Every structure is written in structure tokens, then in C-alpha cells.
Amino acid sequence: MAGLPLPPPNPPPLSTRNQTSTSSSANFAQIPSWVSLKRSSSTIKTEKIQQGKLENLHLVSLSKQGKLKEAHDFLKEMDDADVSVTPHSYQCLFEACGKLRSLADGRLIHDRLRRTVKNPSGSIENCLLRMYCDCGSCIDVQKVFDEMLMKNLVSWVIVISAYAKNGELEKAIRLFSDMQASGIRPNSAVYMSLLQSCLGPSFLELGKQIHSHVIRAQLNANITVETAICNMYVRCGWLEGAKLVFDGMDAQNAVTWTGLMVGYTQAKKLEVALELFARMAMEGVELDEFVFSIVLKVCCGLEDWDMGRQIHSHIVKLGAESEVSVGTPLVDFYVKCGDIESAYRSFGRISEPNDVSWSALISGFSQSGRLEDCIKIFTSLRSEGVVLNSFIYTSVFQACAAQANLNMGSQAHGDAIKRGLVSYLYGESAMVTMYSKCGRLDYARRAFESIDEPDAVAWTAIISGYAYHGNAAEALGFFRRMQSYGVRPNAVTFIAVLTACSHSGLVAEAKQYLGSMSRDYGVKPTIDHYDCMIDTYSRAGLLQEALELINRMPFEPDAMSWKSLLGGCWAHCDLKLGKIAAENLFRLDPGDTAGYILLFNLYSAFGKWEEAGHVRKLMAERELKKEVSCSWISVKGQVHRFVVGDRHHPQTEAIYSKLEEFKCSVIDSPVRLLNEEDDVSCSLSARKEQLLDHSEKLAIAFGLISTEDNAPILVFKNLRACRDCHEFGKQVSMVTGRQIVVRDSTRFHHFKSGKCSCNDYW
DNA sequence: GTAGGGTTAG
């Protein structure tokens with residue numbers, strides 16, 4: 001990728017509602033250091049009043065720049081020179097402390113205020129209150145508030161909002177009553193802060209009471225307050241109430257409509273949400289930049305890609321594409337569409353992308369398999385010091401998992417920890433998967449054990465990890481542990497459990513788990529679960545059972561059902577059933593290359609060359625090409641890739657002579673089977689030659705000559721391991737005593753002392 | 001007052 005597209009010229013802004021106007025206050029950063037209390041500056045010293053003004057000006061400047069340490073020093077100098085601090089300076093100092101959330105500084109300056117000023121004004125005290133709120137210290141807020149002699153409306157608003165924001169709603173309500181008792185009428189700000197604190201269904205009753213207070217206070221004609229009430233009902237899960245308030249309003253603005261659409265989206269009533277948008281557009285409500293994100297989300301949920309594109313063109317007409325709050329949801333929409341090119345184009349039109357925009361794009365690349373791009377963008381963002389977030393890291397972990405890129409994955413891991421950006425559960429589960437797919441089950445386990453309270457997804461990740469590595473005992477152990485912790489398994493968990501069983505020949509266990517899903521766990525089995533069971537029977541050679549299950553299961557068999565059976569027929573040499581399975585598979589998925597190869601091998605095994613040739617012709621007719629097979633190994637941080645018969649590597653001679661040492665391992669059976677790695681069109685004798693230099697063997701041989709004698713060898717390949725290479729792995733592990741690990745397209749093979757963890761089942 | 005990005009699978 002040659003750099004990202006340039007942003008276009010700025011379009012007219014949508015609405016200025018959210019654009020903070022730049023204040024016209026002086027730039028205090030420019031006040032030079034001559035405003036200091038050097039005793040030599042006699043001109044300043046002589047004029048007492050002027051002097052105080054300048055010092056206070058400097059103090060204000062330091063506060064606005066957030067230079068609190070310098071401010072403290074300067075305050076001391078002012079004390080020494082007997083210059084008093086003005087109320088305005090105190091206000092600025094408190095504002096700075098609040099902004100920086102520096103409670104310690106705030107308390108120091110508060111102390112100073114107490115010592116030097118007898119009766120501070122109400123507005124100073126309100127500043128103090130606000131400072132302690134910003135620093136999150138309710139104790140200090142309460143103390144100041146209790147000692148205040150002149151409590152005005154603002155003071156009450158600050159304190160009530162402080163408690164409300166802090167989740168102490170009861171206290172806020174009590175203060176609210178006190179306020180009324182003391183004869184002060186609450187304003188809309190008080191009600192807004194109380195309403196915003198009603199966060200879930202448990203607050204519904206309280207929310208209703210606040211609502212009735214609003215009506216009594218006659219504030220219910222205020223569009224902002226009404227919108228807040230509407231959103232309160234949405235958050236409390238009472239959509240009907242929200243709708244009632246909405247319909248009762250004299251006029252609604254874009255915010256009101258957006259809030260209601262969010263409500264219907266959360267309630268999974270997507271059609272209603274979309275209707276609302278249509279109505280809103282028809283009624284000519286002035287759209288703002290936030291409306292589109294929710295509508296586009298609705299389109300994604302409905303998979304209504306046409307509607308999404310229509311909305312996109314509407315956005316273009318409004319000239320809002322470059323707005324980050326509009327462009328980012330657009331990127332996500334196209335990612336969900338599976339249209340990564342459009343997503344990338346939309347991203348390029350955002351004039352000032354933020355971290356959310358980047359994460360939407362990166363996850364798009366990760367999900368669409370553009371892993372190189374994903375990693376590339378991540379690396380360049382990191383080096384440019386752009387703000388990253390935990391979403392980005394989660395996507396990077398995923399990409400590294402798919403790429404089996406342990407190097408990048410563990411680097412990103414360390415980096416994310418340093419920046420505190422491993423997101424709880426999301427990032428952690430992705431990390432478990434990353435390590436297990438990179439071949440480091442030990443790290444995966446450690447990553448898992450460090451999760452505070454793993455949820456079903458995290459448990460599923462570790463169970464899948466062990467299943468993927470062919471260790472059913474551990475996988476099932478984790479499944480039991482999961483239940484002992486009271487975490488309920490979901491549908492995907494059972495896929496992992498059943499996969500663990502099928503790869504280890506645990507037929508009875510699989511049957512029992514499938515049967516217990518609905519009964520004991522309340523998880524309804526889907527066709528995927530039945531396919532796992534069919535796979536289990538097939539691998540174990542129980543082909544009749546597999547066929548029976550296909551016929552009597554409560555679903556129409558899909559391609560996967562027949563493919564599993566075909567795999568079993570191939571492994572256990574059942575031509576008759578294999579033909580039936582293949583016919584059905586090709587009917588449902590004519591493009592399944594691996595299926596044709598299975599059938600070809602099956603015919604060949606029975607010496608049925610004519611039929612085998614027919615399969616080959618069929619593949620050619622349907623223009624099915626095998627993916628070019630390759631294997632790779634990482635040595636000292638460098639990745640070495642090999643294809644069949646590869647002679648490009650600088651150490652080719654040494655690699656081939658190492659292979660010669662193991663030559664006798666090639667099974668010399670009268671029937672030479674076709675493997676995924678072989679060229680389908682070449683002759684039998686040529687294929688025999690090919691067996692010697694399959695990419696997997698080349699990678700293993702290179703591993704042998706380029707690593708320490710006792711180091712384990714980890715090889716990755718893009719296709720399924722063939723029988724010869726599998727035997728080769730076993731033999732090498734026996735002769736050399738090395739541990740060999742091969743990840744093929746479906747699982748890990750751990751070769752040790754002449755045996756493989758897959759028990760020759762894969 | 002409002003929204004936007006991600007976790008587990010064969």
C-alpha cells in the first residue's frame with residue numbers, strides 16, 4: 001500500500017452546535033518572564049497597585065498553562081513581597097487544579113485561601129466546590145458545602161451533580177429535597193444531572209418520580225429536558241415510556257430522534273429504528289452529524305446494504321463525508337458489508353481521522369484477511385506516535401493469530417501492556433487465541449490464567465486452543481473448570497468441546513455432550529454441532545452411524561455434513577459411501593477443492609483410474625485451482641518460506657542433502673496418493689518425485705540445519721498436511737529426538753518420539 | 001441531550 005489517500009478539501013460544516021467557539025481570551029503562554037518579582041525592577045516596585053496587577057496576571061497565566069509547580073513558587077514570592085492574591089487568581093488556580101485533577105495542589109491552595117482570606121465570596125466557594133468535584137473528592141465537596149454560609153442555586157447544582165455523577169444517587173436526591181426545603185427552586189441543570197444518573201432498569205421508578213417533579217416544576221416544555229427524560233426511559237429499558245414522551249413533545253430535534261432510534265436499536269427493533277429515520281427525514285428535521293452513525297448501524301444489523309449506500313450518497317450531498325463523526329461509521333458500514341475497498345476510500349475522505357476511525361479501518365483489514373495491511377498500518381501508527389486504543393490492539397492480536405506471527409504478536413502484547421491498552425476480556429481473549437494459533441500453548445495458558453474473571457468467550461478461547469492442539473484431556477478439563485466457576489457455556493463453547501472430542505476419537509463423550517447441550521445447559525444445538533458429531537463418527541470409522549445421523553438429524557445436511565463423511569470414507573476406504581457423500585457435497589458446494597481431492601484419492605486408492613481421471617477433468621471444467629502450497633519457518637526473527645521443489649533458498653544444497661538422510665521414509669506403496677500439495681495435472685511418476693520436496697519437508701529440513709540440536713522446530717503451512725509429510729515429521733522426531741510442531745490449515749501436529757498428538761487423525 | 005471501533009469456531 002503506497003501511503004494513505006490525501007484528505008479532500010474541507011466541506012461546509014454541518015451544524016455549529018458542537019463546535020466550541022475559540023474564546024478571545026489572551027494567550028497567557030506569551031506573557032514573558034519579565035513579569036516577576038525581581039527586586040531590582042524598581043519601576044514596578046514603586047507602584048504598589050500596578051505591581052499587584054502584574055503579579056496576579058502572571059499567576060493567572062501560570063494557571064492557564066497548567067504550571068502548578070511554578071504557581072506555588074510564585075505564590076511564595078508574592079507572600080514574601082506582601083502582594084495579595086485576587087479572587088480571580090484564586091478562581092483560575094482552582095480551575096487549573098480541577099482540569100489537571102490534582103487534588104493535592106487544590107488542597108494546598110484551598111489552605112492558603114483559608115489562611116489569607118477571611119470571608120471568601122460565594123463565587124470563589126463555588127469554584128472550590130467545582131474543583132473538588134473535578135478531582136472526584138466527594139468528601140471535600142461535602143466539607144466545603146457544609147461550611148458555606150451563602151449557598152446559592154449554583155452551589156446546590158454543583159453538589160447534586162457531583163453525587164449524581166459519582167453514582168451516589170440517593171445522596172443526590174436527599175440534597176435535592178434539602179435544596180427545596182431551604183427555599184431554592186431547582187433549575188433544569190439539577191434535573192438533567194439526576195436524569196442522566198438513571199442508568200438502568202433498576203432506576204426506572206426513580207426516573208418516573210424525577211419526571212413528575214419536572215412536570216410540577218413546569219420545565220417539561222424545555223426540549224433539552226424532555227430529550228433527557230426520553231433518553232432516561234430508553235436507558236431504563238422502558239421504550240413505550242420514551243415513545244410517549246417523544247410523541248407528547250411540541251417539537252423534537254435531531255438529538256431526540258437519535259436517542260429514540262438508539263432505543264429501538266438496542267431493543268433489536270431495527271425496522272422501527274429505520275422507519276423513524278425515514279419519518280425524520282420526511283418531516284424535514286435538520287440532521288446533525290450524529291444521526292448517521294446510528295442509521296448506518298441499523299443498516300448493518302438489517303444487512304440492508306442498499307439502504308446504507310443510499311444514506312452514503314445523502315451524506316455526500318450534504319458534504320459531510322470528511323466529518324470524523326460521519327466518516328467513521330461509514331468506514332465501519334463498508335467493513336461490515338465486506339467491501340474493504342469502499343471502507344478504505346471512505347477512510348481516506350475523513351479530514352481528521354481519530355483513533356476510532358483508525359480502529360474501524362484496522363479491524364476491517366484484519367477481518368477481511370488483509371493481514372499484511374493491518375500490521376503495516378499498526379506499525380506505522382505506532383512509530384508516528386498516533387493515539388492508539390485497546391480496540392486497535394485487539395484487532396492486531398487477531399491479525400497476528402491468523403498470520404501465526406508470534407514475533408509481531410508478542411511485541412504488540414508487550415506494547416499494549418506498557419500503554420495499558422489490553423482491554424479486559426476482548427483483548428485478553430484475542431491474546432489467548434493469538435498465542436495458541438502461534439503455537440505457544442504455554443503462553444496462551446499463562447495469558448488465560450492472568451484473566452481476572454474469564455467469561456464464556458475467554459474459556460472458549462482456551463478450550464479451542466487445546467482442541468486445536470489435539471489435547472482433548474486438557475480441553476475437557478478446562479470445560480469442567482469453567483462450569484465449576486459458574487460460567488455458562490455458549491454455542492461456540494460446545495463447538496470447541498466437540499472438536500476436541502472428534503480430533504481425539506472420543507465418540508461416547510461427544511455423543512454425551514451433544515445430548516446434554518439443550519437438556520443441561522439450555523443451549524440449542526445447531527447444524528454446526530451436528531456436523532461436529534458427524535465428523536466425530538467419520539474420523540472414528542463409524543461411517544454408518546455418521547450417515548444415519550445425517551439422515552435423522554433435525555436439520556437439512558449442509559456441505560460440511562457431507563464433507564466430514566467424505567473425509568471419513570477416504571480415511572477408512574469406503575468407496576461406495578464416499579461417492580454418495582461427494583455427490584451431495586458437490587451439489588451443495590461445487591467449488592470445494594479439497595472435496596475433489598478427497599474423492600480423487602479415494603478412487604485412486606481402489607485403482608479406479610478412469611473415475612479418478614473424471615474427477616480431475618471435473619475440476620478443470622469448473623476452473624478449480626488449488627491454492628499454491630507453501631510452508632514457512634521463523635529462525636532468529638526471520639521468516640523463511642518454501643514452495644514445492646523450491647530451490648531459491650541460499651542454503652538449498654544443505655537443505656536437500658539433509659532431506660536425503662531421511663529419504664527412506666517415503667512410503668513406497670504401490671498406490672501413490674495425491675496430496676493437496678501436488679500438482680493435480682502431472683503424471684504419477686512426477687508426483688512420486690514431488691513427495692520428496694514438499695514445502696513442509698523443506699521447512700523442517702531447514703529448521704534442522706539452522707537451529708540448536710535440541711531446539712523445537714515450529715513450521716507453518718497453508719494447506720492440510722499430507723500423509724507422507726506427516727510420516728516424515730514422525731520419523732524426524734524419532735531419529736533426532738527433536739520436538740517438531742507443524743501447524744497446517746486446520747490444526748497443530750506435535751511430533752514427539754515418533755508419535756503425533758493428532759493420533760494420525762486429521 | 002446524541003454515536004462511532006473489538007473477543008471464542010469447524
Side-chain angles (χ1 to χ4, degrees), chain A residues 17-18 188 192-193 195-196 222-232 234 252-263 265 288-297 300 323-333 335-336 350 354-364 366-367 389-398 401 423-434 436 451 454-465 467-468 489-500 502-503 526-529 531-532 534-535 558-561 563-564 745-747:
Chain A
R17 184 159 57 77
N18 266 346
S188 61
M192 299 278 280
S193 72
L195 287 165
Q196 280 160 35
N222 178 325
I223 192 164
T224 312
V225 176
E226 284 284 82
T227 302
I229 291 169
C230 202
N231 289 331
M232 177 274 292
V234 164
Q252 305 90 348
N253 61 19
V255 181
T256 327
W257 285 91
T258 307
L260 199 61
M261 281 162 63
V262 169
T265 310
D288 69 5
E289 54 186 310
F290 293 111
V291 178
F292 299 108
S293 52
I294 188 69
V295 195
L296 287 168
K297 195 178 181 173
C300 287
E323 205 71 37
V324 66
S325 46
V326 181
T328 305
L330 257 181
V331 172
D332 182 53
F333 167 76
V335 164
K336 302 258 159 68
I350 303 174
N354 61 16
D355 61 314
V356 181
S357 329
W358 284 111
S359 62
L361 184 71
I362 286 185
S363 89
S366 167
Q367 281 163 29
N389 59 33
S390 62
F391 289 76
I392 293 178
Y393 277 98
T394 305
S395 295
V396 170
F397 293 145
Q398 267 187 299
S423 108
Y424 174 58
L425 295 179
Y426 279 86
E428 289 171 319
S429 303
M431 229 156 62
V432 170
T433 303
M434 185 266 289
S436 79
I451 301 177
D455 64 351
V457 174
W459 283 101
T460 305
I462 192 70
I463 294 170
S464 305
Y468 198 54
N490 61 26
V492 184
T493 314
F494 279 101
I495 300 272
V497 167
L498 293 170
T499 307
S502 77
H503 283 270
T526 65
I527 177 110
D528 295 328
H529 299 100
D531 284 344
C532 285
I534 292 163
D535 193 43
D558 62 5
M560 183 55 91
S561 322
K563 193 175 173 176
S564 300
S745 57
T746 54
R747 61 172 296 153

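Letters A, B, ... mirror the listed sequences (proteins, then strands); counts begin at 1. As the structure is a computational prediction, the values presented were derived from the model and not from experiment.
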Take the protein atom CG of A:Leu260 and the nucleotide atom C1' of B:dG1, then report the distance between them rounded to whole Å. 13 Å
Touch class at under 4.0 angstrom, heavy-atom based, for A:Gln367 against every strand present: sugar-phosphate
Could you please name the option among B:dG10, B:dG4, B:dG1 that lies closest to any side-chain atom of A:Met192? B:dG1
Whole-Å gap separating P (B:dG1) and CD (A:Gln252): 19 Å
A:Asn354 side-chain proximity, nearest of B:dG4, B:dG6, B:dA9: B:dG4
Can you see if the side chain of A:Ser363 gets near the phosphate of B:dG6 - specifically, an N or O under 4.0 Å from OP1 or OP2? yes
In whole angstrom, what separates A:Trp358's CH2 from B:dG6's P? 17 Å
What nucleotide, of B:dA3, B:dG6, B:dG1, holds the atom closest to the side chain of A:Thr224? B:dG1
Would you mind classifying the nucleic acid contact of A:Thr328 as base, sugar-phosphate or nothing, using non-hydrogen atoms under 4.0 angstrom? base
What contact category does A:Val324 fall into here, base, sugar-phosphate, or nothing, at under 4.0 angstrom with non-hydrogen atoms? base
Residue set satisfying salt bridge (Lys or Arg N to Asp or Glu O under 4.0 Å) with A:Asp531, at least two apart, ordered chain then number -> none
Scan A:Gln196 against the nucleic acid and name what it touches under 4.0 Å (heavy atoms): base, sugar-phosphate only, or nothing. sugar-phosphate
Quick check: do A:Asp288 and A:Val291 have side-chain heavy atoms less than 4.5 Å from each other? yes
Picking from B:dT8, B:dG1, B:dG4, which would you name as closest to the side chain of A:Thr227? B:dG1
Among the candidates B:dG1, B:dT8, B:dG4, find the nucleotide nearest to the side-chain atoms of A:Ala461. B:dT8
Using the six-membered ring for Trp and the full ring for Phe, Tyr or His, decide whether A:Phe290 stacks on the six-membered base ring of B:dA3 (centres under 5.5 Å, planes under 30°). no
Rounded distance in Å - CZ (A:Phe292) to C1' (B:dG4): 14 Å
Would you mind reporting whether A:Ser464 and A:Thr433 have side-chain heavy atoms less than 4.5 Å apart? no
With the side chain of A:Lys336 defined as its heavy atoms from C-beta on, choose the nearest nucleotide among B:dG6, B:dA3, B:dG1. B:dG6
Would you call A:Thr224 and A:Ser188 a side-chain contact if the rule is heavy atoms closer than 4.5 Å? no
Taking only the side-chain heavy atoms of A:Ile495 (C-beta and beyond), determine which of B:dG6, B:dG1, B:dG10 contains the nearest atom. B:dG10
Quickly work out the A:Ile223 CD1 to B:dG1 C1' distance and round it to whole Å. 10 Å
Verify the distance criterion only: is there a donor paired with an acceptor across the side chains of A:Ser357 and A:Thr328 at less than 3.5 Å? yes
Distance in angstrom units between A:Lys563 NZ and B:dG10 P, rounded: 13 Å
Write down the distance between CD (A:Glu323) and C1' (B:dA3), rounded to a whole number of angstrom. 13 Å
Atom-pair distance (CD on A:Glu289; P on B:dG4), nearest Å: 14 Å
Quick one, A:Asp528 and A:Leu498 - any side-chain contact, counting heavy atoms below 4.5 Å? no
At 4.0 Å (heavy atoms only), tell me whether A:Ser390 reaches a base, stays on the sugar-phosphate, or touches nothing. base
Give a yes/no on whether any side-chain N or O of A:Lys297 is located under 4.0 angstrom from OP1 or OP2 of B:dG4. yes
The side chain of A:Tyr426 lies closest to which of these nucleotides: B:dG6, B:dG10, B:dT8? B:dG6
Closest approach to the side chain of A:Ser325, judged atom by atom: which nucleotide of B:dA3, B:dG6, B:dA9 is it? B:dA3
Looking across every strand, which nucleic acid part, if any, lies under 4.0 Å from A:Asn231 by heavy atom: base, sugar-phosphate, or nothing? sugar-phosphate
